[in-house]
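A quick write-up on the structure given underneath.
In what follows, every heavy atom counts, from backbone to side chain, and hydrogens, waters and symmetry copies are set aside. Letters A, B, ... are given to chains in the order of the sequence lines, protein chains preceding strands, and every chain is numbered from 1.
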Amino acid sequence: MMNYFKMAYRNLGRNRRRSLLSALALSIGLALMLFIASFYEGEMRSSMESTLRLDSGHLQIRAADYDPDKLSVAWEYLIENPGQVAEQAAKLNQVDVATPRLIASGIVAVGDQSAGVEIMGIDPASSASDPYRRLTSGQFLTTDDREGILIGYPLADSLGLKAGDQLNLLVNTSNGTVDEQFFTVRGIFTTGTTTYDKGIVLLPLSKAQAFSGAENRASIIFVLLKDREQAGALAAALESSNYQVETWKDLNEILVLMEDFSNAYLLILNLIVVGVTATVIVNTLVMSVFERTREIGILTAIGMKGRQISALFLTEASILALGGIAFGLLLGWGLSAYFGRVGIYFGDLGMTGFLIGDRIYTYLTLSDSLYLTVMTLIITLFASLYPARLASRMEPVEALHGSD
Amino acid sequence: MEVAKLTDVTRIYKIGEVETHAVNGITLSIKSGEFTALVGPSGSGKTTLLQLIGCLDQPTSGQVVINGMETTGLSRNQRADLRKGAIGFVFQFFALIPTLTAYENIEMPLLLSGKGNGKRTQRVKELLEDVDMTDRANHRPDQLSGGQQQRVAVARALATNPKMILADEPTANLDTENGEQVMEIMKRLNKETDTTFIFATHDPRVIKYATRVITLEDGKIVKDSKEA
């Protein structure tokens, strides 16, 4: 075995540049796949994180007739005594936080400019409101603030608003009319997701209830769990005739579908990349077989069997593959670590159905690294069976005449 | 003792529609310890005959028996096994593995035969001494002259103590001095070890070493002289 290794290593050294370039092709292929995997993982994590923390939560308890598309605050769509319901939900062991939220549609007007927004009444004291606490200016809301409003940075930017400025907010009320009031911009927040921040304004829940005429009602109870995988079981336990309970999977069907679709898409992409790089290795080995026909003849003449010649070429392929993989792993890890730290800025991608942060931070998992490494190695070695077989099947006489 | 026996052996090569009888109905017996030259003009069938005796090729018809074993029905692996233990080769071109040193080239057949490390080392050292290449043991082929490479090839051919060594134009690419040196070594080893040597050549300076000269023409034996 040691002798195969020694011979294979020296054979690769004969045409060092070609061997290095072949291994490098494999390295770049693997690094590219690792980077793509880490980018995708980062994107999915960002998307999942943003969507769950900002939009859907892990569970939502809603009135039986609630329709999220209408953004209506008509009483029949709302939960009564939401504080009590949230309190009961929060008592469950699996629940991290449960907080009522009122969601209404409205328009922000400043001078002759206006923008349609979602008005969300939140409990400023709840930890579920933490994603809004990152302020570019001003202060966060307090529970009893009656005139203050929190707006997102892109909305403030487009309307030319800053902390302390006044804006006119119109709301579709519970009885189907429109009400309006001037609010003072208490603070300007950024969640890092422009798509989300440009279309929402935040009021303290009690103020939103009073302003919209919802009184002591809320649209949803927003629930975050200690472990989101328990959502299904908990939803079943909470389900009743008065409420519908939706899990994060129900609420983010597009995101879950996208994850499945992307996995299939990534697999195809990976197979293409590995296929191309394996072809480079195979090409190198096939060239090597044809260059060394006489040598194969000599080895056969002195008694080397076909499988031993195969083993020699497979050892060469293994050295190329392992060398290429080792460097590719370093390169891929390096790239992923760098962009995991500084991120890649995309800004507002304008996608609907799920939220993605403006900056995507790559995230390379151990399982992705292992999976891609093993797949690259297996496919490369599998492809190398062809040149190995080609060499092993050479008739000694033909091989000895091969390079005369 | 008979090391090779060929009975009515024919080897036909087909190129397109044209059939060439490279070896045409040869019957031949080679005894242990012979130092036999196969002579004849180019295309007379010397190399093909050597390849058939060496089990590198198989006859179209006829029988080839090596060390008492019928070889015509053997598989590729069985023929490889037979070559490994019973036959050594020296080729016209200096057929060494370019990435291995002189020592490693000689060691290769011993490795393939599964010899232990200690026995291998001892045998390689003996052979290097036999061909006067001890001081060049760690040189690679490209660091050796043609004559030195051919001496290493002879040592490699002898490594497993085969009964028979087949040499195809072993001096063709050597100058007179180196050619004579290689022939002297082969002759000496023939005498010392009783190994059978069969070499194809058309060089009259080489033929003088032979104890038997077989002349071929158009794939047939036209003359077989026990003494040159």
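Considering only heavy atoms from C-beta on, B:Met108 comes within 4.5 Å of A:Met7 through its side chain. In this structure, the side chains of A:Ile298 and B:Arg156 come closer than 4.5 Å at one or more pairs of heavy atoms. Residues A:Thr300 and B:Arg83 meet the side-chain proximity criterion, which asks for heavy atoms closer than 4.5 Å.
B:Thr99 contributes atom OG1, which lies 7.5 Å from atom CZ of A:Arg292 (distance to the nearest 0.5 angstrom). Going from atom CD1 of B:Ile97 over to atom CD1 of A:Ile296 covers 9.5 Å, rounded to the nearest 0.5 Å. Within the model, atoms NZ of B:Lys84 and NZ of A:Lys305 stand 4.5 Å from one another, a figure rounded to the nearest 0.5 Å. Atom CG of B:Leu112 is separated from atom CD of A:Gln308 by 5.5 Å, given to the nearest 0.5 angstrom.
No more than 12 heavy atoms of other residues, nucleotides or ligands shown are found within 6.0 angstrom of CG on B:Asp218. Counting non-hydrogen atoms of other residues, nucleotides and ligands closer than 6.0 Å to OH of A:Tyr363 gives a total of 12 or fewer. Residue-environment remark: OH (A:Tyr338) stays at or below the threshold of 12 foreign heavy atoms within 6.0 Å.
Among pairs with a residue in residues 320-337 of chain A, those fulfilling side chain to side chain donor-acceptor pair (under 3.5 Å) read A:Ser38-A:Ser336, A:Trp333-A:Ser369, at least two apart in sequence or across chains.
Taking both residues in full, the closest heavy atoms of A:Ala301 and B:Phe89 are given as O-CE1, 3.3 Å, listed atom of the first, atom of the second, then distance. Nearest heavy-atom pair, A:Gly306 versus B:Asn77, reported as atom, atom and distance to 0.1 Å: N-OD1, 3.8 Å.
For A:Arg307, there are no side-chain hydrogen bond (donor to acceptor under 3.5 Å, both in side chains) partners two or more places apart in sequence or in a different chain.
With a 4.5 angstrom heavy-atom cutoff, B:Leu100 touches chain A via backbone and side-chain atoms both. When heavy atoms are compared at a cutoff of 4.5 Å, B:Pro98 approaches chain A by way of both its backbone and its side chain.
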